[in-house]
**Q** 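Next up is a structure, given as structure tokens.
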Amino acid sequence: MDGNDVTSDQVIAGLLDMGFDILDITQAIKAVGASLDNAIEFILNSSHRNDRNESTSSMCPTDNKVTRKRATSSFKPPAKLRQQNITEQLKLSSAPKRIKMKGVYDASVSNTNFLTCGKEPIVPSTVETGLDLCQEIGMVPSYCKKDEKMFGLDWERNANDLLQKNFGYSSLKGFQKEVLAAWMANQDCLVLAATGSGKSLCFQIPALVSGKVVVVISPLISLMHDQCLKLGKLGISACFLGSGQLDKSVENKAMNGAYSIIYVCPETILRLMKPLQSLAETRGIALFAIDEVHCVSKWGHDFRPDYRRLSILRRSFSAEHLKCLKFDIPLMALTATATIRVREDILKSLCMSKETHIITTSFFRPNLRFSVKHSRTSVSSYEKDFSELIKLYTKDKTALKKLVLKNLDGGSKNSSCTLNGGTSGLDEMRRNMNDSDDSDDDGFQDSPEEKLSVQYLEDDYDRVQGADDLDVFCGESCGRSSLEFRSCGTSDSNNMASKAGKRPALNQRHLEEGPTIVYVPTRKQTLSLTKFLISVGVKAAAYNAKLPKSHLRQVHGQFHADELQVVVATIAFGMGIDKSNVRRIIHYGWPQSLEAYYQEAGRAGRDGELADCVLYANLSRIPTLLPSQRSEEQTKQAYQMLSDCFRYGMKTFCCRAKMLVEYFGEEFSTGRCNLCDVCTNGPPEIQDLKVEATLLLQLIATYYANKTSQGEFSNDVEALKLIENPNIRAFVRMIREENHKYAASDFTWWCGLARILEERGFIIEGDGMKHVQIKFPEPTESGLQFLKSESEESFLVYPEADMLLSTETCKSYSSFSEWGKGWADPEIRRQRLQRRRGSRRKPRSRKPNLSTVRGRLSAKLTK
Ligand SMILES: Nc1ncnc2c1ncn2[C@@H]1O[C@H](COP(=O)(O)OP(=O)(O)OP(=O)(O)O)[C@@H](O)[C@H]1O
Ligand SMILES: [Mg+2]
């Protein structure tokens, strides 16, 4: 027991929850007692040491006594992390020297004063209140509003000056200008712009231009923190408020106008209405920006109920309500992933004005190469699926060696960090890693830069987040070489890239540089895949919301510093990550929605250079929803989104980029990207499936005709009586039994055909529910017409991925070839399964029963 009165049971439950192995947990608790932090440190450190100690089998718990002993004896509890506020943090960073106020690093004061008021900056000696501050620095208080007095007529030039001076960019992008113009006109604004297009600047610039405070509502602490840190380095004062902000003085300072930009989570802003109203009266509030605003909508992929309550902003900061205002404080809502339905919901839910300016850019990202591959996505397929990646990252041993040496040299002691920092196979590198071992054992040692002010990572379950992300061409955020094919973004400009097969000259070489993010569905998989990658010499790290914050912080830091080759993450490492050179996004398992998929894929290639987005999914299995609390309505919506995602993976004839872009309601005028797997490999051979389509449809139609007209089944369809539950499986079983020709046909093949029939409008889902794949097919009027038509017309279709998978003779898919011949034959399959059942001892339950496990472990520990 540690001082926190935590029981072994609680520690075990916590560790299991994080995805650790039972054996690791047992070892850890034996070694360090019932302390969650220490146990985590122990496991993570020991896995790293195992890796360095030669073995490529770090996935297996070692029974090497020496190793175990060493791991135990070298363990030291983690150093206590001091919580800092963001201002302290910023002081530590290498930002240029700016004006310092008492306790607050607030460079924006100089910016605004200097640039907008045309006076020399005055250094305030103290900061008592926001009003004091305004008066002291000669800032124009809010009641002057945005007007010519403050900005002059040439606001655009002013804004560009500020952009150059503060951010180092030459000019605003087209859509950014539009957004700023709307804000200048005191209009509400909905910004739908691709990931990486530069939405953040739309709300950051107003703080500089106006000298007032910008309040940004953001869903993730990690995101807020990242942005504050970046702004701090640029000399712009910013803070964030939320559950993670432990320094209560920050909130007071913020409400007194000490920061130019306040990031706040929706939960927190709801209780800050009064102080914010005071702030509006004193220093002034330029705008409320609601970032990742798709979180407002139940129809989006990351619904956050508190976002819905943000309608209070319109009421509380209207000119009618707050007498000091001449006009309502504008709302600026931003997202990269909102379907048409979500957009409408946003406008309504936030009570945005009828004149809201809606600014969109194309979602198409011409430098992203999408592809879908079949895989079981299990531990057994790691070796095959990641062989290319491993080769890529371990082939340049010199580079890797340098990387390791840099880490060791840099004092950040990254190599000590648990599940990150793999080594190459080189002995020398191993030595290096081992050399650093002793000094590393105190765990997560952070460089001052990495010491962040608060617990900035969501202590939440790994939510399905998403914002889709599409990137529009927007020039400057992209690398030079891609400028030629990027336009400056309106929604009809998506065709620049691939007109008439003309591809931008994307540089293949760049694919070999830059990190990879692998998204896996579960926390456990982040750990197992990371272990695997480390064991073969890749510098990889795991990231899931339940891992210790110090670890996550370190992974963040290392990732941004290019010290990691691969981050294996859940969706917790998604929204807002802004790193220019991510070359590869791998989804290892079905995402829960196309919004989430596109949002995560959009982390890649933000420099405009070629980047790969590969989805590995088990194409022969229907994906399932990850557990989450959902209402009935939300469940339906979640199934719809999962189904859309599944269909995206199954399609074999449609350009992937087109499917994605059109999913978000944008017309993809070019028709194809010329880069994705479908565009480059071409569709499969078209097939006439008239016979099969008729057979399936006939069966379904007969069943329903008999059922509805007579209540009972006639003798003609005696066999149909067998179908108590008219689901697709039963229909397929009947086809197999009744038709010798199809006796050995595969169920998944018929599922594919049923999907096609559904898309053509010949069948619909019969139980009124939403399923990922049609389950209870019912004929439609068009379906019946199709059956009645006497014409000889063929029924031409491109077989879908699962159909191809089940019929290919020479299977290129790993899992399928493993099945061996014969499985397609129902009789052989039945016999084999029977044999298997007989020989099976005890089925291993997928989820360990927590109480049994705890009991077992507790018993062991007390021995
Ligand atoms: N006018 C500009 N010129 C050059 N670069 C810019 C400009 N505006 C923004 N950028 C850069 O573009 C990158 C992406 O910006 P940002 O993080 O705001 O994207 P985003 O649209 O919010 O993406 P996401 O939806 O993924 O959050 C940043 O590194 C930013 O500095
Ligand atoms: Mg953003």
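If you read the sequence from its start, that first residue is 1, and numbering goes on from there. Basis for what follows: all heavy atoms, side chains included, without hydrogens, waters or symmetry-related copies. If you're wondering where the values come from, they're calculated on a predicted model, not measured in any experiment. Ligands are counted one by one from 1 in listed order, and the atoms in each one are counted from 1 as well.
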**Q** Quick one: pull up CZ in Arg343 and CG in Leu190 and give me the separation to the nearest 0.5 Å.
**A** 8.0 Å
**Q** Indicate, as side chain, backbone, both or neither, the part of Ser197 found under 4.0 angstrom from ligand 1 when only non-hydrogen atoms are considered.
**A**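 Under 4.0 Å from ligand 1, Ser197 contributes backbone and side-chain atoms.
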**Q** Give, for atom NE2 of His560 and atom OG of Ser580, the distance between the pair rounded to the nearest 0.5 Å.
**A** 10.0 Å
**Q** Yes or no on salt bridge (charged side-chain N to carboxylate O under 4.0 Å, His left out) for Lys199 and Asp291, after CA distance, side-chain angles and deciding distance?
**A** CA-CA 9 Å; Lys199 291 185 288 298; Asp291 203 10; over 6 Å; no
**Q** Would you give the length of the straight line joining atom OG of Ser210 to atom CD1 of Ile205, rounded to the nearest 0.5 angstrom?
**A**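 Between Ser210 OG and Ile205 CD1, I get 11.0 Å after rounding to 0.5 Å.
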**Q** Considering distance alone, does some N or O of Gly196 sit under 3.5 Å from an N or O of ligand 1?
**A** yes
**Q** Among Ser200, Ala193, Ser171, Gly174, which one puts a heavy atom closest to atom 18 (O) of ligand 1?
**A** Ser200
**Q** Measuring from non-hydrogen atoms of Lys230 to any atom of ligand 1, is the shortest distance under 4.0 Å?
**A** no
**Q** Does Gly198 reach ligand 1 with a nitrogen or oxygen that is under 3.5 Å from one of the ligand's nitrogen or oxygen atoms?
**A** yes
**Q** Kindly identify the option in Arg606, Lys173, Gln164 whose heavy atom sits closest to atom 2 (C) of ligand 1.
**A** Lys173
**Q** Kindly assign one of parallel, tilted or perpendicular to the pair His556 and Tyr543, based on the angle between their ring planes and the thresholds 30° and 60°.
**A** tilted
**Q** Is the contact between Ser170 and ligand 1 made by the side chain, the backbone, both, or neither, using heavy atoms and a 4.0 Å cut-off?
**A** neither
**Q** Distance under 4.0 Å to a non-hydrogen atom of Ala336: what atoms of ligand 1 satisfy this?
**A**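 Heavy-atom distances to Ala336 below 4.0 Å select 25 (O).
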**Q** Only one of Leu334, Leu180, Val215 clears side-chain contact (heavy atoms from CB on, under 4.5 Å) with Phe203; which?
**A** Leu334
**Q** Would you mind running through ligand 1 and noting each atom that sits below 4.0 Å from a heavy atom of Arg603?
**A**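 Near Arg603, meaning under 4.0 Å from one of its heavy atoms, ligand 1 has 26 (O).
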**Q** Is any N or O atom of Lys199, backbone or side chain, closer than 3.5 Å to an N or O atom of ligand 1?
**A**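 Such a contact does occur with ligand 1.
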**Q** Distance check, rounded to the nearest 0.5 Å: Arg606 atom CZ versus Leu368 atom CG?
**A** 10.5 Å
